[in-house]
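Please read the structure below before turning to the comments.
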Amino acid sequence: MTSELNQPTSRPIHQAADVVLRDGSTVKVRPLQPDDEHRLLEFFRSLSEESRWLRFFSIVKDKLLAAEAHREATVDYVRTFGLIALTGGEERVVGHALYSAMGEDHADAAFAIADEYQGRGLGTILVGQLAQIAAANGIQVFEADVLASNHKMIGVFRRSGFPIKVTVSTGQLHVTFPTSFTAEALERFDQREQVSAINALRLFLSPSSVAVIGASRNRGTIGGEIFHNLLNYDFAGPVYPVNPGAQVIQSVLAYPTVEDISGPVDLAVIAVPGAHVLEVAEQCGRKGVHALVVISAGFAETGDEGRTRQNELLRICRMTGMRLIGPNCMGIINTDSNVRLDATFAPHVPLAGRVGFFSQSGALGLAIIDYANSLGLGISSFISIGNKADISGNDLLSYWESDSGTDVILLYLESFGNPKKFSRLARRVGRKKPIVVVKSGRSSAGARAASSHTGALLAASDVTVDALFRQAGVIRTDTLEELFDVASLLATQPIPTGRRVGIVTNAGGPAILCADACESEGLKVPLLDAKSKAELRAFLPVEASVCNPVDMMASATADDYAKAIAVVSADPNVDALVVIFTPPLVTRAEDVARAIVDAVRCCKSGKPVVTVFLSARGVPDELRTTEVRIPSFAFPEAAATALARVAHYGEWREKPQFEPPRFDDLRRDEAAAMVATALARKDGWLTVEETTELLSCYGLPLVEQHVVATPEEAGATAEQLGGEVALKAIATELIHKTEAGAVRLHLNGREQVTAAAEEMTAKLAAGGKPPTGFVVQRMVSDGVEMIVGIAHDPQFGPVVACGAGGVFVELMRDVSVRLTPLTEADASEMIRTLKTYPLLTGFRGSKVCDKAALEDGLLRVSCMAEDLPQIAELDCNPFVVRERGAVILDARVRVAASEPPSLLGSRK
């Protein structure tokens with residue numbers, strides 16, 4: 001059976017999307033439409049003679065070009081499909097790709113790129129997107145004839161990462177390659193996207209010249225402060241004030257419009273009333289500005305009218321090739337000494353350092369810079385992203401990954417634009433540089449309506465966000481203060497290689513609090529080895545404790561601190577060190593701080609050291625003003641929390657990377673056909689028979705069962721099965737079958753089952769939900785009841801959940817969640833983090849269950865979710881894990897139409 005997606009249609013299933021070229025500029029790519037014939041003809045006419053020769057193998061005359069444009073604009077979107085790349089507000093075609101099916105699964109492919117767009121990555125994008133569409137339409141192989149002299153096109157094919165095969169004939173080359181994406185092809189496209197993002201951000205963070213449109217003579221205004229900051233921070237290039245109402249601004253000659261500036265302008269910072277932004281943006285486009293930072297508010301954050309204005313702003317940028325940060329942001333900073341760009345209205349000059357910071361909140365950004373300065377935490381670059389109309393957090397991750405001046409990445413997020421892409425990027429970037437996030441919006445004003453157990457478990461919480469961060473190795477913090485605590489540690493200390501913490505103190509109380517906090521955060525406070533204890537005893541008073549924590553007593557001197565740090569940091573049982581100082585009457589905090597710095601400088605252990613100075617006077621300057629910088633915290637609990645976050649990240653980074661498993665026994669086409677049939681029926685829920693067959697397609701172990709129509713048939717089936725059976729009524733709208741009286745267990749024989757089915761019919765009919773049939777199952781009495789399910793998050797896509805199952809699923813709410821696709825490590829971790837995990841391992845003498853069978857079930861469900869995004873909800877509850885194997889006793893599946901996948905390189 002062929003799915004609906006493979007049926008000929010009069011309209012394309014894929015919509016227009018912006019793509020970023022190698023130089024950071026953008027074009028719009030969309031399916032070719034019948035009324036594009038004149039655009040396509042103009043494109044063919046605009047090609048140089050050489051490009052036309054390479055495309056058509058001859059210098060085609062105008063009359064023949066018109067016929068060819070008509071032929072190629074006539075597509076059915078399945079057997080023939082065309083893509084065009086446009087610029088200038090969809091007025092001008094700069095790229096064209098077409099395939100025409102030649103047989104059941106082969107197609108001839110042809111490509112053409114405008115001369116001035118060649119070498120910018122557009123050809124590679126069109127090859128990849130056309131192959132992606134062809135594969136979805138059942139085309140497995142592309143063929144293309146290329147003139148032997150067309151080296152550029154051969155290079156495009158090779159750079160795409162597809163395994164091309166080239167055969168030679170007289171004067172030309174015949175190229176074939178599969179439309180399915182290999183790992184190499186996907187990696188090449190990821191690399192291309194990364195280069196595009198890097199070059200786009202360089203337009204903003206390394207401009208040669210800046211214009212401030214809306215610059216003011218008055219300090220204290222936004223335009224006045226931005227212009228002042230650019231001058232005061234010694235930007236490396238010219239800064240042009242633009243204001244039609246002033247001739248001179250802050251001693252600099254002003255210009256009425258950006259178009260009146262005689263020199264080139266790379267970056268324009270717009271700080272004018274929102275109603276005037278579109279006019280100013282059009283002027284910037286005519287001037288040839290490359291990048292806009294729009295400070296002005298009054299856009300999508302204000303409602304429908306503002307959203308319309310924002311869409312028009314983005315359209316202007318796309319039409320003129322400009323990139324956009326904002327609107328409704330507070331600006332950008334680059335502290336690189338070769339640039340020195342402060343295009344914000346922040347009142348404080350940022351300290352230079354190696355931390356990149358991204359904020360969705362403009363107002364918060366002002367406070368962030370001030371707070372970072374108070375901690376002595378230097379910033380490499382800062383971007384307030386505002387409404388994220390164009391440049392996004394994902395672009396910044398790619399940029400900071402390659403930026404040699406950035407070691408730590410901090411993000412304040414309010415929402416995700418493309419969570420799947422964020423997850424993929426964060427996994428890659430996090431292996432090199434830590435990513436620390438504070439994500440607002442943990443709770444929901446109300447739980448969304450959910451028609452399954454899995455949906456109810458995920459409602460009104462941000463467990464999906466937690467799952468994304470956990471899988472991607474992102475360090476999540478609960479508060480901004482904690483974000484900077486973690487950042488201070490990462491920016492100054494090595495990452496610990498384990499969770500074992502040594503504590504050195506001169507007061508017992510704070511050390512106990514620290515030890516308790518460490519243990520509650522998953523860290524360990526182990527005993528020191530005998531050698532370390534002996535060395536400590538050699539210089540500490542007899543009353544001191546030399547176990548761990550090491551309590552040196554209130555009489556401890558600065559020299560005692562230095563010696564204790566040297567001993568404890570060298571202990572083989574310690575991975576990190578917390579040093580606590582409570583001011584006594586004699587020892588000065590400044591002396592202790594210097595001693596700590598000297599001790600850390602001399603240590604060769606490579607272990608992180610953090611300090612806690614319990615003093616109203618704050619952190620001693622001695623910890624900040626030296627080449628050995630040591631983070632300090634006001635309280636021991638904060639130190640333990642920051643250290644735990646970093647230790648967990650270190651463990652994630654050291655874990656081997658796994659790929660999702662591949663199963664060779666899946667019947668994917670059969671499953672897809674079944675889902676297509678259910679979608680055509682438009683009732684959402686799969687029948688019991690369809691659910692049974694779907695689980696079978698993915699090798700999921702459903703208990704032996706039979707579907708019958710009447711109580712009499714149920715009794716006869718029970719008699720045939722023999723032994724104890726379970727009886728369940730079929731009623732689509734029933735979620736909690738047990739409470740509704742729709743489940744009867746441990747029935748035996750024809751009479752019992754028939755009677756039970758008749759009672760069910762009467763009870764359910766009285767409640768307005770008469771059963772449409774019955775399921776008779778062989779009774780399963782042993783094993784641990786779990787739940788395995790899928791929920792389709794509208795933003796994050798398919799999510800797999802696993803937890804305690806059966807009738808207590810929503811009472812216990814013991815659930816572990818991951819985004820698809822799952823790896824074997826993900827499945828294993830999901831199970832082991834459950835509170836009910838001990839039930840699977842032989843709790844109180846019970847049988848040890850087959851955890852591998854549960855892991856296999858999770859991985860197969862993950863494959864199903866990836867293959868069939870139309871599955872909106874799936875419940876396997878209970879999923880009974882037995883001593884050997886597992887079996888599903890009940891399952892429900894709901895399907896719904898889904899959007900086609902985004903094409904490679906597309907920006908939503």
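None of these values were measured; they are calculated from a predicted model.
- No hydrogens or angles considered: nothing links the side chains of Y698 and D665 as a donor-acceptor pair under 3.5 Å.
- Counting heavy atoms from C-beta on, the side chains of P771 and T761 come closer than 4.5 Å.
- Between E724 and R778 there is no salt bridge, since none of the side-chain N atoms of the basic residue sits less than 4.0 Å from a carboxylate O of the acidic one.
- Separating the CE atom in M830 from the CD atom in Q471 is a distance of 8.0 Å, to the nearest 0.5 Å.
- The distance from atom CG of L700 to atom CD1 of I888, rounded to the nearest 0.5 Å, is 5.0 Å.
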Please walk me through it: do D466 and R470 pass salt bridge (Lys or Arg N to Asp or Glu O under 4.0 Å)?
CA-CA 6 Å; D466 268 336; R470 187 181 298 110; 5.1 Å; no
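- You'll find the side chain of S781 reaches within 4.5 Å of the side chain of H746, heavy atoms only.
- The pair K763-E758 does not meet the salt-bridge criterion, since no charged nitrogen lies less than 4.0 angstrom from a carboxylate oxygen.
- In this structure, the side chain of T477 engages the main chain of V437 through a donor-acceptor pair within 3.5 Å.
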From CA spacing to verdict: salt bridge (Lys or Arg N to Asp or Glu O under 4.0 Å), E521, R645
CA-CA 8 Å; E521 293 287 351; R645 299 287 187 270; 3.0 Å; yes
Pair N877, E785 - check side-chain contact (heavy atoms from CB on, under 4.5 Å), show working.
CA-CA 8 Å; N877 181 39; E785 292 189 348; 5.9 Å; no
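- Looking only at side-chain heavy atoms (C-beta outward), V788 and L854 come within less than 4.5 Å of each other.
- With sequence neighbours left out, Q777 forms a side chain to side chain donor-acceptor pair (under 3.5 Å) with Q705, K728.
- How far CD of E693 is from OG of S696: 5.0 Å, rounded to the nearest 0.5 Å.
- For the pair Y837/F843, no side-chain contact is recorded, criterion being any heavy-atom separation below 4.5 Å from C-beta on.
- A distance-only check finds a donor-acceptor pair linking the side chain of T710 to the backbone of E713 [under 3.5 Å].
- The backbone N or O of L858 sits nowhere less than 3.5 Å from a side-chain atom of S862 that would complete a donor-acceptor pair.
- Minimum interatomic distance between C876 and L695 (heavy atoms only, all atoms of both residues): SG-CD2, 4.3 Å.
- One N or O on the side chain of Y649 and one on the backbone of G430 form a donor-acceptor pair closer than 3.5 Å.
- Side-chain contact check for L868 versus I871: some heavy-atom pair is nearer than 4.5 Å.
- Of all heavy-atom pairs spanning A714 and L727, the tightest one is CB-CD1, 4.1 Å.
- A distance-only check finds a donor-acceptor pair linking the side chain of D793 to the backbone of Q795 [under 3.5 Å].
- R750 has no carboxylate O lying under 4.0 Å from a charged side-chain N of E712, or vice versa, which leaves the two without a salt bridge.
- Under a 3.5 Å cut-off, the side chain of R431 and the backbone N or O of R653 do form a donor-acceptor pair.
- Qualifying side chain to side chain donor-acceptor pair (under 3.5 Å) partners for S180, counting only residues two or more places apart in sequence or in other chains: none.
- Within the 4.5 Å cutoff, the side chain of F663 has heavy atoms near those of the L859 side chain.
- Using modelled atom types, no side-chain atom of E654 and backbone atom of G650 make a donor-acceptor pair closer than 3.5 Å.
- With respect to R818 and E829, a salt bridge is recorded, a charged nitrogen being found less than 4.0 Å from a carboxylate O.
- Across all their heavy atoms, V474 and A426 have their closest contact at CG2-CB, 3.8 Å.
- Considering every non-hydrogen atom in both N418 and N394, the closest pair reads O-ND2, 3.5 Å.
- To the nearest 0.5 angstrom, R882 atom CZ is 10.5 Å from C849 atom SG.
- Counting heavy atoms from C-beta outward, F422 and L468 have side chains that approach closer than 4.5 Å.
- Residues R832 and S816 have side chains that never bring a donor and an acceptor to within less than 3.5 angstrom of each other.
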Please evaluate residues V725 and N748 with respect to the criterion side-chain contact (heavy atoms from CB on, under 4.5 Å), reporting the C-alpha separation (whole Å), side-chain torsions for both, the decisive distance (0.1 Å), and the verdict.
CA-CA 6 Å; V725 298; N748 214 321; over 6 Å; no
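- The pair E651-R499 meets the salt-bridge criterion, since a charged nitrogen lies less than 4.0 angstrom from a carboxylate oxygen.
- Side-chain N or O atoms of D814 include one that pairs as donor or acceptor with a backbone N or O of K835 at under 3.5 Å.
- The side-chain heavy atoms of P178 and P163, taken from C-beta on, include a pair separated by under 4.5 Å.
- Here the side chain of K420 pairs a donor or acceptor atom with the backbone of T820 at under 3.5 angstrom.
- Under the 4.0 Å criterion applied to side-chain N and carboxylate O atoms, D782 and K847 are not assigned as salt-bridge partners.
- Residues meeting the side chain to side chain donor-acceptor pair (under 3.5 Å) test with R681, sequence neighbours left out: D683, E690.
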Pair V895-L686, side-chain contact (heavy atoms from CB on, under 4.5 Å): steps then yes or no:
CA-CA 7 Å; V895 297; L686 267 59; 3.5 Å; yes
Step by step, work out the side-chain contact (heavy atoms from CB on, under 4.5 Å) result for V880 and V784.
CA-CA 5 Å; V880 178; V784 175; over 6 Å; no
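- A distance below 6.0 Å separates the ring centres of F796 and F416.
- Expressed to the nearest 0.5 Å, how far CZ of F162 lies from OG1 of T179 amounts to 7.5 Å.
- The CG atom of L523 lies 9.5 Å from the CG atom of D575; values are rounded to the nearest 0.5 Å.
- Of all non-hydrogen atoms in L694 and A671, the two that sit nearest each other are CD1-CB, 3.7 Å.
- Put simply, the side chain of S828 never gets that close to the backbone of E824: no donor and acceptor are under 3.5 Å apart.
- Of all heavy-atom pairs between V525 and C518, the closest is CG2-CB, 3.9 Å.
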